[in-house]
K.L.:
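Take this structure, written in structure tokens, and hold onto it; I'll ask about it next.
The basis for the numbers below is simple: all heavy atoms, side chains too, and nothing from hydrogens, waters or symmetry mates. Because the structure is predicted, anything quoted here is derived from the model rather than measured.
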Amino acid sequence: MTLFTRKGDIVRLIASLPWYDLPPARDGLNAFWEVLRGELKHIGALPLPSALERDMPLIDQWAHAGLLLSQCCGPDLFTPAARHLVPIARPVFMDLDCNPGDYYSHIVTTNRLLPTRPRLVVNAPSSRSGCAALYEWLRRQRVEPGSVLISGAHAQSLEWLRHGRADVAAIDAHSWPLLNTQGLHIIGRSEPAPSPPFVMHRGAPVTRQCMHAALIATIAKAGEAIGIAGVQPAERESYSPIVHDPATQAVGCATLC
């Protein structure tokens, strides 16, 4: 069992890489964790998990004192659910044409022309890539948004577009090649923003500095398997402009249906 003792309690160690954990990427993520697990073994005799956690709800993972590694969206860091998370670093994606440590979203539709007051679908209100990026792009295009649906995931947003439940969505560009994009068109691109950080629980039995060093070593050996070339610094303040952008807050004022 992957257990450690914290303040007299027995806690199970877990790790996850959920942000791009889609079927085409799964083998690469598993291989990445195997290498990272080997790097962490150099730190001390911790009972490290043999596999990535894929069953526990993400919010429960974020609250779990044994969380060695996970991911979240930048704005998530400012939500109550993520109050125990410590950002470690932000990935540099190999496939994106932007500054290292940033990312952006594709603006996608089933039709190349948007209707007046298009119906939106977002993956989550706290998502930069699926929500704030979409409102920001619409604002730049001077397009007044219509109603908005919350799908829960980029893959589901694409399904709802295909089934005519919505007219437009913003999809994380690094996840785009991993998704079923049949029948969809890219009509725009959002402004870049800091990429989703690697995070850990502040109570985990590994320091942030040790996890950062292990990530760098692992990316050098196995980063190509998951499309990551390196990392950039990640502090909560790095994501503050995203949270305070009016576009991020717009979904709270939209008509949910």
K.L.:
Hey, is the main chain of Thr116 close enough, under 3.5 Å, to the side chain of Glu144 for a donor-acceptor pair?
P.N.:
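Not a single qualifying donor-acceptor pair exists.
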K.L.:
Consider only side-chain heavy atoms of I, L, V, M, F, W and Y, link residues closer than 4.5 Å, and tell whether Val35 and Ile216 are in one cluster.
P.N.:
no
K.L.:
Looking at every non-hydrogen atom in both residues, tell me the closest pair between Pro49 and Arg37 and how far apart they are.
P.N.:
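Looks like O-NE, 2.9 Å.
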K.L.:
What's the shortest heavy-atom distance between Pro87 and Arg236, and which atoms?
P.N.:
CD-NH1, 3.7 Å
K.L.:
Rounded to the nearest 0.5 Å, how far apart are CE of Met56 and CG of Leu67?
P.N.:
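Reported value, rounded in 0.5 Å steps: 9.0 Å.
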K.L.:
Would Met94 and Leu29 show up in the same hydrophobic cluster when neighbours are defined by side-chain heavy atoms closer than 4.5 Å?
P.N.:
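Per the 4.5 Å side-chain linkage, Met94 and Leu29 are not co-clustered.
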K.L.:
I want to check something: taking the side chain as every heavy atom from C-beta on, are His154 and Ser129 in contact at a cut-off of under 4.5 Å?
P.N.:
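They are in contact (side-chain heavy atoms under 4.5 Å apart), so the answer is yes.
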K.L.:
Taking the side chain as every heavy atom from C-beta outward, state whether Trp62 and Ser70 have any pair of such atoms under 4.5 Å apart.
P.N.:
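Yes, close enough: below the 4.5 Å cut-off.
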K.L.:
So, the side chain of Arg90 versus the backbone of Gly101: is there a donor-acceptor pair under 3.5 Å, distance only?
P.N.:
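Side chain of Arg90 to backbone of Gly101: a pair is present.
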K.L.:
For Leu178 and Pro24, which heavy atoms make the closest approach, and how far apart are they?
P.N.:
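Looks like O-CG, 3.6 Å.
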K.L.:
Give a yes-or-no answer on whether the side chains of Ser126 and Asp76 include a donor-acceptor pair shorter than 3.5 Å.
P.N.:
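Checked: Ser126/Asp76 side chains pair up, N/O donor to acceptor below 3.5 Å.
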K.L.:
Rounded to the nearest 0.5 Å, how far does CG of Leu134 lie from OG of Ser157?
P.N.:
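Answer rounded to 0.5 Å: 9.5 Å.
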K.L.:
Does Val92 belong to the same Ile/Leu/Val/Met/Phe/Trp/Tyr cluster as Leu69, with side-chain heavy atoms less than 4.5 Å apart forming each link?
P.N.:
no
K.L.:
Could you walk me through whether Val199 and Ile88 pass the side chain to side chain contact (heavy atoms under 4.5 Å, CB included) test, one step at a time?
P.N.:
CA-CA 5 Å; Val199 295; Ile88 305 165; 5.5 Å; no
K.L.:
Carefully, step by step, assess His64 and His84 under the rule side chain to side chain contact (heavy atoms under 4.5 Å, CB included).
P.N.:
CA-CA 9 Å; His64 189 79; His84 300 299; over 6 Å; no
K.L.:
Less than 4.0 Å between a side-chain N and a carboxylate O, is that true for Lys41 and Glu34?
P.N.:
no
K.L.:
For Thr181 and Leu184, indicate whether the former's side chain and the latter's backbone hold a donor-acceptor pair under 3.5 Å.
P.N.:
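Checking the backbone N and O of Leu184 against the side chain of Thr181, no donor-acceptor pair under 3.5 Å is found.
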K.L.:
How long is the gap from OG1 on Thr218 to CE on Met211, to the nearest 0.5 Å?
P.N.:
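Result: 9.0 Å between the selected atoms.
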K.L.:
Find out if a path of hydrophobic residues (ILVMFWY) with successive side-chain heavy-atom gaps under 4.5 Å connects Val206 to Trp33.
P.N.:
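Linked, Val206 and Trp33 end up in one cluster.
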K.L.:
So, Glu159 and Arg162, do they make that salt bridge, N to O below 4.0 Å?
P.N.:
yes
K.L.:
Given side chain to side chain contact (heavy atoms under 4.5 Å, CB included), test Tyr135 with Val148 step by step and report yes or no.
P.N.:
CA-CA 11 Å; Tyr135 276 91; Val148 55; 3.9 Å; yes
K.L.:
Taking the side chain as every heavy atom from C-beta outward, state whether Thr109 and Leu114 have any atom pair closer than 4.5 Å.
P.N.:
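Contact flag for Thr109/Leu114 side chains = yes.
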K.L.:
Using a strict 4.0 Å threshold on nitrogen-to-oxygen distance, state whether Arg12 and Glu53 make a salt bridge.
P.N.:
yes
K.L.:
Answer yes or no: does atom CD1 of Ile59 have more than 12 heavy-atom neighbours from other residues, nucleotides or ligands under 6.0 Å?
P.N.:
no
K.L.:
Please name the residue in the list Cys73, Pro197, Ser175 that meets the side-chain contact (heavy atoms from CB on, under 4.5 Å) test with Trp19.
P.N.:
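Going through Cys73, Pro197, Ser175 one by one, the side-chain contact (heavy atoms from CB on, under 4.5 Å) with Trp19 is satisfied by Cys73 alone.
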K.L.:
Any ion pair linking Arg128 and Asp172 (charged N to carboxylate O, less than 4.0 Å)?
P.N.:
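Looking at Asp172 and Arg128, the cut-off is not met.
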K.L.:
For the residue pair Asp102 and Ser195, establish whether any side-chain heavy-atom pair is separated by less than 4.5 Å.
P.N.:
no
K.L.:
Quick one, Arg54 and Arg26 - any side-chain contact, counting heavy atoms below 4.5 Å?
P.N.:
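Side-chain contact under 4.5 Å: yes.
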K.L.:
Measuring from Ile228:CD1 to Leu17:CG, what's the distance to the nearest 0.5 Å?
P.N.:
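If we round to the nearest 0.5 Å, Ile228:CD1 and Leu17:CG are 8.0 Å apart.
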K.L.:
Which pair of non-hydrogen atoms, one from Ala89 and one from His212, has the smallest distance, and what is that distance?
P.N.:
CB-CD2, 3.8 Å
K.L.:
How many angstroms lie between CD1 in Ile14 and NE2 in His201, if you round to the nearest 0.5 Å?
P.N.:
9.5 Å
K.L.:
Indicate yes or no: at least one non-hydrogen side-chain atom of Leu68 is less than 4.5 angstrom from one of Leu48.
P.N.:
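Of all side-chain heavy-atom pairs linking Leu48 with Leu68, at least one is under 4.5 Å.
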K.L.:
How far apart are the C-alpha atoms of Glu235 and Arg208, what are their side-chain angles, what is the distance that settles it, and do they pass the salt bridge (charged side-chain N to carboxylate O under 4.0 Å, His left out) test?
P.N.:
CA-CA 12 Å; Glu235 304 290 343; Arg208 179 180 187 246; 3.2 Å; yes
K.L.:
If you take all heavy atoms of Leu161 and Asp167, which pair is closest and at what distance?
P.N.:
CD2-C, 3.5 Å
K.L.:
Do Ser105 and Arg189 have side-chain heavy atoms sitting under 4.5 Å apart?
P.N.:
no
K.L.:
So which heavy atom on Tyr239 is nearest to which on Ala234, and how close?
P.N.:
OH-CB, 4.2 Å
K.L.:
Do Ile107 and Ile171 come close enough that some side-chain heavy atom pair is under 4.5 Å?
P.N.:
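Of all side-chain heavy-atom pairs linking Ile171 with Ile107, none is under 4.5 Å.
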K.L.:
In Å and rounded to the nearest 0.5 Å, what is the CD1 to CG distance from Ile150 to Asn123?
P.N.:
9.5 Å
K.L.:
Show every ring pair (Phe, Tyr, Trp, His ring centres under 6.0 Å) that has at least one partner inside residues 160-190, sequence neighbours left out.
P.N.:
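For residues 160-190, and leaving out neighbouring residues, the ring pair (Phe, Tyr, Trp, His ring centres under 6.0 Å) pairs sorted by first residue read Tyr20-His174, Phe93-His174, His106-Trp176.
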K.L.:
Go through the steps to decide whether Val108 and Leu158 satisfy the test side chain to side chain contact (heavy atoms under 4.5 Å, CB included), and finish with yes or no.
P.N.:
CA-CA 9 Å; Val108 303; Leu158 297 183; 3.9 Å; yes
